[in-house]
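Here the structure is laid out as structure tokens; the discussion comes afterwards.
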Amino acid sequence: MQARDGKKREEDYMNNMTAPMTIVMLDDNQDGLFLTKRRLRQEGFVNNVISEKDPARLFDLLDMISSTEGARRSMIILLDLNMPEANGIEVLQKIRKSNRYKDATVLMLSSSDDEADIMDALDEGADGYIVKPFRSDEFFAALSNVKSVRYQLVQAQ
Amino acid sequence: MISATEATMVYDDGLTDEQVEARFEEIKLRFARSLPERIETCRQVLPAMCGSTPSAIEAVQTIYQLVHAMCGMAGTVGFTDVARLVRQATSAIADAHRAKRGMSEAECANVGAIIENLRISATRIVPDPAPGGSGDICMAASMRNTGQRLQEPLAHRSSTPDTGVHQDHAAAAMRILELFRTEGMAKTRILYIDDEECIREIAHFLLAREPDFDVRHCASGLMGLVESVNWHPDIILLDVVMPELDGPHTLQIFKAIQDTADVPVVFLTARFEPEDLDEYRSIGAAGVIKKPFVPTKLASQVRSFV
């Protein structure tokens with residue numbers, strides 16, 4: 001396990017953030033969910049990952065998190081692109097159309113490295129796209145991109 | 001709605017590193033074991049991809065889902081050769097998948113060659129059956145589970161005076177017996193496919209409370225197809241009216257695939273008159289259960305088809 005190393009990196013990362021972060025991940029494959037969670041764990045994200053496998057319940061989960069912790073934590077949503085029941089893109093569209101979460105940070109997670117899939121996701125407003133199995137540097141690169149986006153937003157306001 | 005406790009539970013799963021690794025190994029093993037079947041299914045559906053008929057388009061979608069499902073998994077569990085080939089296959093099918101078209105013969109041949117390489121590559125991943133090898137992980141997990149369940153009566157025993165020991169021995173023995181009776185028994189595997197979530201959950205609840213039933217459910221014909229190839233159900237309960245791939249079409253695919261060709265498929269439908277039965281049977285259904293089903297009768301109805 002590279003957990004210790006990862007934990008330190010998470011701390012570094014957290015220290016640079018204004019608020020701690022909650023990662024909400026959606027993947028309707030139970031094994032896939034576990035594997036991603038394990039990877040995040042290796043990167044040091046142990047107690048701040050919430051997973052959900054039912055797309056229909058995602059918004060309930062988001063409501064709950066933001067009503068209890070929204071003020072304190074920033075939230076990153078990891079969406080699996082290929083779910084048989086609901087396409088990840090459709091879920092992303094729903095998030096972008098919703099009043100409450102349209103500005104949420106959404107990273108797409110997919111086993112497809114097909115350029116068309118990546119472009120689709122970015123066109124629909126994803127903040128980043130990570131190809132599974134993801135390497136640490138890719139994951140943190142995606143996160144830091146997001147961070148800079150957030151930073152710019154704050155600057156602009 | 002999600003309750004706060006439920007969310008707290010998923011928030012911190014409380015697993016130790018060892019437990020996470022054990023589960024990882026278990027998933028890896030299960031995936032390795034499922035590979036030959038997954039690939040065989042691809043090989044069987046392959047010829048159907050050529051051409052421009054609706055069934056060719058369907059076959060393209062099916063294979064894409066099948067290879068795609070292997071894609072993330074193979075890489076994540078560290079089967080790099082398999083991951084590379086699966087990725088090749090996914091790219092080769094991606095265009096047709098996106099355009100919702102069938103494939104030319106040359107394209108089919110190309111995919112066929114990749115799948116053949118994949119098959120050869122997968123045979124190199126042989127799960128280790130030796131004691132202490134990863135094959136024992138599932139067994140170890142099950143034994144741990146058993147041990148935990150036995151803790152309670154044994155703790156009770158140690159806290160009671162000597163006179164109570166025999167009784168508690170007997171009680172513990174009964175629990176062990178019960179445990180093996182329910183867990184060791186070969187259960188009837190039932191796969192329930194229905195796009196309506198609430199009905200799926202009711203059916204799951206009604207069937208899963210039978211001790212000899214092992215129930216899984218899926219929300220679409222396609223998911224049912226993937227699940228049945230991996231899980232080998234003894235009986236499939238199939239909703240007739242579903243979006244995209246409906247019941248009869250799903251049945252056709254089940255019958256076309258070697259693994260599922262002999263599994264009895266029972267339709268569930270609200271639109272059913274007794275004279276329709278012959279028609280359903282003629283396309284390969286073992287029978288029909290009328291919806292809405294009677295809660296007290298569903299299990300026995302299902303049993304009559306096994």
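Lettering follows sequence order; numbering is per chain, from 1.
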Legend entry - Side chain A/Asp80, main chain A/Leu26, donor-acceptor under 3.5 Å: no
Inset, instruction - For A/Tyr101 and A/Asp63, indicate whether the former's side chain and the latter's backbone hold a donor-acceptor pair under 3.5 Å. - result: yes
Legend entry - Test item: B/Arg216 side-chain N/O and B/Glu227 main-chain N/O as donor-acceptor pair under 3.5 Å: no
Inset, instruction - Sort by residue number and list every member of residues 83-103 of chain B having a non-hydrogen atom under 4.5 Å from chain A. - result: B/Arg87, B/Ala94, B/Arg98
Legend entry - Closest approach of B/Leu191 to B/Gly224 (non-hydrogen atoms, all atoms of both residues): CD2-O, 3.5 Å
Inset, instruction - Under 4.5 Å heavy-atom distance to chain A, tell me which part of B/Val77 shows up: side chain, backbone, both or neither. - result: side chain
Inset, instruction - Check whether A/Val131 gets within reach of chain B through its side chain, its backbone, both or neither, counting any heavy atom under 4.5 Å. - result: side chain
Legend entry - Those residues that, when tested against B/Glu40, pass salt bridge (Lys or Arg N to Asp or Glu O under 4.0 Å) (two or more places apart): B/Arg43
Inset, instruction - Go through the structure and list residues passing side-chain contact (heavy atoms from CB on, under 4.5 Å) with B/Ala59, not counting sequence neighbours. - result: B/Val45, B/Ala48, B/Met49
Inset, instruction - Just jot down the disulfide (SG to SG under 2.5 Å) partners of B/Cys42, sequence neighbours excluded, or say none. - result: none
